[in-house]
Amino acid sequence: MTDNLVIVESPAKAKTIEKFLGKDYTVVSSFGHIRDLVRNNLGVEVENNFAPVYEIPEDKKKVVAELRKLADKATTVWIASDEDREGEAIAWHLISVLGLDPGTTRRIVFHEITKDAITRAVESPRQVDMNLVNAQQARRILDRLVGFELSPVLWKKVQPSLSAGRVQSVAVRLLVDREREIIGFIADSALRVTGTFSGTNSEGTDVQLKAECPKKFSTEGEARSFLEKCDASSFTVENIIVKPGTRSPAPPFTTSTLQQEAYRKLGFSVAQTMSVAQKLYEAGKITYMRTDSTNLSTLALNTAREVITNEYGAGYSRTRQFKTHSRGAQEAHEAIRPTYFDRKEVTGNNNEKKLYELIWRRAIASQMADARVEKTTINIGMSASPVSFTATGEVVLFDGFLKVYTESFDINAAEDEKAILPRVDKGMKLIPGTITALQRFTSPPPRYTEASLVKKLEELGIGRPSTYAPIISTIQSRGYVAREDRPGEKRTLAQLTLTKGKITRSEKTEIAGKEKSKLFPKDIGMIVNDFLIANFPDILDYNFTADVEKEFDEIASGEVKWEKMISTFYGPFRKTVDESLATRAKMTGARQLGTDPATGLPVAAKMSRFGPVVQLGEASGEQKPRFANLRRDQLLETITLEEALALFALPRAVGTFEDSEMTVGVGKFGPYVKHAGKFYSLKRGVDDPYTITGERAIDLIREKREGDKQKVISELGDIMVLNGRYGPYIMHDKTNYRIPKGTDPHKLTREECLAIIEKGTKTKSTRGRKKK
DNA sequence: CAGTGAGCGAGCTTCCGCTTGACTT
């Protein structure tokens, strides 16, 4: 039995701390919150001054029972949950659920897991700060009220099972607003002139350089007359400006910046980044991965300095502490960094190695010297025009932190290529080689990626490190947005080239609007967004969270009572909820598109029970209307009459094969060929149901038959041994059974199969299981 | 495994922030 029981939030943390504290202390984990508002109703007694109704969730009962047992035996309980609003609330819930004496229970905090920090914490225990706890309760209750009052309005006015909330609804709004900017964007174009020049410098060396004309020409005619002037011009180096500059490293990672860089450099999704980071954390290789702080412990700063000095020399070391500037940061932890800086690499799978190296580089670079660069701008004047060309280049004089890390950015990196310029002299004559004027289009604002949406949310102070990944997944699982690709469209660019006194016109092509793994708002997301903005503009305001955070801070500092804050918010809010329930019509996003010239029937687009559709004819008409689903890349908001009419082309007949008709359609699982009562899926990204030929359809049928043959390992009467996605398995009576390890599936006899079935090592089917 | 699209009414859905595992046809 131990005298001292220490409770922390995370089990990995518990393991580390136990080592620091020694034999007299038992360190255990609460696995986060142990109590929450009841799950299946409002959980707030509005009439009773908003009293919260708490329960211990099913999956936490075991943890709580264990903690109770240990707490009863211990003489002193130390609660070491994080030092932030949520951590304080966890401490209070623990005291109340475990029946601890608030007077003798010791609340301790540390921001870093180092022996020093923990020893200091143990030396200065305090009591639970009830103001901070109340700020958390206000946050929790506000979120519950908003979520559980708004969502039912959507069930009645839009569709069942939808959701709304302080965080998710604003995340969707960002995407919808951006999409509308893109829809409304009209690309402008101008011709940009670049040229190559050569000459001989004062050292007698022949040099070549590329320069750009800062003036853009809106028409081909203007560009042509400029090229004519170039042809009649002589060129001279007019000015050389050399400017020294420095570049500084980025701070070590927080959750949000880790997610952004892992996406840009490694192509990880936000969820993937977190799960790989979790593995590294559990293995003790990195510090905690859910943090908003860029702070490093003194120990970390010192070891980083040692490693940098040993590896690169003292001149590369520069110890620095970064200030966290993100809105609403609570800084309960350190920045994300390697636990041991002297480990440049770790064992583990490929993703773990890659992410670790990224974290190592970023953290080490943050403790390294600035890079010194020299930026050079050369102005090239021309005799026949006041316009001049400029060549820019950058030379790194001292690489500093660039030796280990360069931050990536979302903007097109090819735009500002940094060339090394040759030595030229003022007054030097230059002879033009080729001068080209190429048409360039302006681009619409970029669509969000998962990571850039997290960045934006963090800037607005919306969401927390522990919720960024879940937010991204919630708005996708509700169908509000989807991560998709777009092939883009070909676009023609005009090009004028001046060589040897002759101007020739040619055309180039580029792909515009190509997208890879971007977040696209879907129709239901846009409809819900518009409904919420029309009825609850305050909550959908980008500053709503920042505003209520200020009030939570006032509760935390004891200036305001939490019940007062909630009641001030709830009164008007509840009134708006009731009004919109009473007065608003159901929202379907319906649009009249025109009349079908073939039948004279009206064509409309709207949200149906099962998704966005176009409709030909009316329900009140003589004939039942025809329906067709929109394609994934179409929106109710932008679909045209022509596009709608094309959708009615399916299902279509594509010929006969083995005396049976083949028809192509789009079903529950995507486009298919139907033949003799069987279905064959079209290849995604290859086949298009609107244009696929009969020949290709026959190919698909044959291919599928061939594949099915290989799936069967053996047939033993009514028992089949099959090859599946997760290896071989046995199928009998529509149930699948796992084959024990070390068994050769090819040699299985019927008797052996029956024995396996008898044992009942069933694989649980996910089919028919209810979603949680 | 390859639909549906109306309307009625029962009973269900839903929030945000702390934490980990469980889980594969």
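Every chain is numbered from 1 and lettered A, B, ... according to where its sequence line falls, protein lines coming before strand lines. All values reported here derive from a predicted model rather than from experimental measurement.
With sequence neighbours left out, the salt bridge (charged side-chain N to carboxylate O under 4.0 Å, His left out) criterion links A/Arg631 to A/Asp633. Shown here are the side chain to side chain donor-acceptor pair (under 3.5 Å) partners of A/Ser473, two or more places apart in sequence or in another chain: there are none. In this structure A/Arg173 satisfies the salt bridge (charged side-chain N to carboxylate O under 4.0 Å, His left out) test together with A/Asp177, sequence neighbours excluded.
Remark: A/Arg39 is not in phosphate contact with B/dC15, judged by side-chain N or O atoms under 4.0 Å from OP1 or OP2. Using a 4.0 Å cut-off, no side-chain N or O of A/Gln615 falls inside it from OP1 or OP2 of B/dG5. Residue A/Ser10 places at least one side-chain N or O under 4.0 Å from the OP1 or OP2 atom of B/dT20. The phosphate of B/dC18 (OP1 or OP2) has a side-chain N or O of A/Arg464 nearer than 4.0 angstrom. Taking 4.0 angstrom as the limit, A/Thr467 places a side-chain polar atom (N or O) nearer than this to OP1 or OP2 of B/dG17. Applying the 4.0 Å criterion to OP1 and OP2 of B/dC16, one finds that A/Gln168 has a side-chain N or O inside that range. One finds a side-chain N or O of A/Ser163 lying less than 4.0 angstrom from the OP1 or OP2 phosphate oxygen of B/dC15.
Between the base of B/dC18 and the side chain of A/Arg290 there is no donor-acceptor pair shorter than 3.5 Å. Counting distance only, with no hydrogens placed and no angle test, the side-chain atoms of A/Ser161 and the base atoms of B/dT13 include a donor-acceptor pair under 3.5 Å. In terms of polar N and O atoms assigned as donor or acceptor, the side chain of A/Ser466 never comes within less than 3.5 Å of the base of B/dG17 in a complementary pairing.
The CG atom of A/Leu142 sits 10 Å away from the C1' atom of B/dC16 (whole-angstrom rounding). Atom CE in A/Met607 sits about 13 Å away from atom P in B/dA6, given to the nearest Å.
Atoms NE2 and OG1, from A/His111 and A/Thr291 in turn, are 11.0 Å apart once rounded to the nearest 0.5 Å. The structure places CG of A/Leu601 at 9.5 Å from CD of A/Glu622, a figure rounded to the nearest 0.5 Å.
Stem analysis of DNA chain B (at least three stacked-register Watson-Crick or G-U pairs, each with both distances under 3.5 Å) gives none.
Sorted by first then second residue, the side chain to side chain donor-acceptor pair (under 3.5 Å) pairs that include residues 601-611 of chain A, not counting sequence neighbours, number zero.
A heavy atom lying under 4.0 Å from DNA chain B marks the following residues of residues 625-632 of chain A, by number: A/Phe627, A/Asn629.
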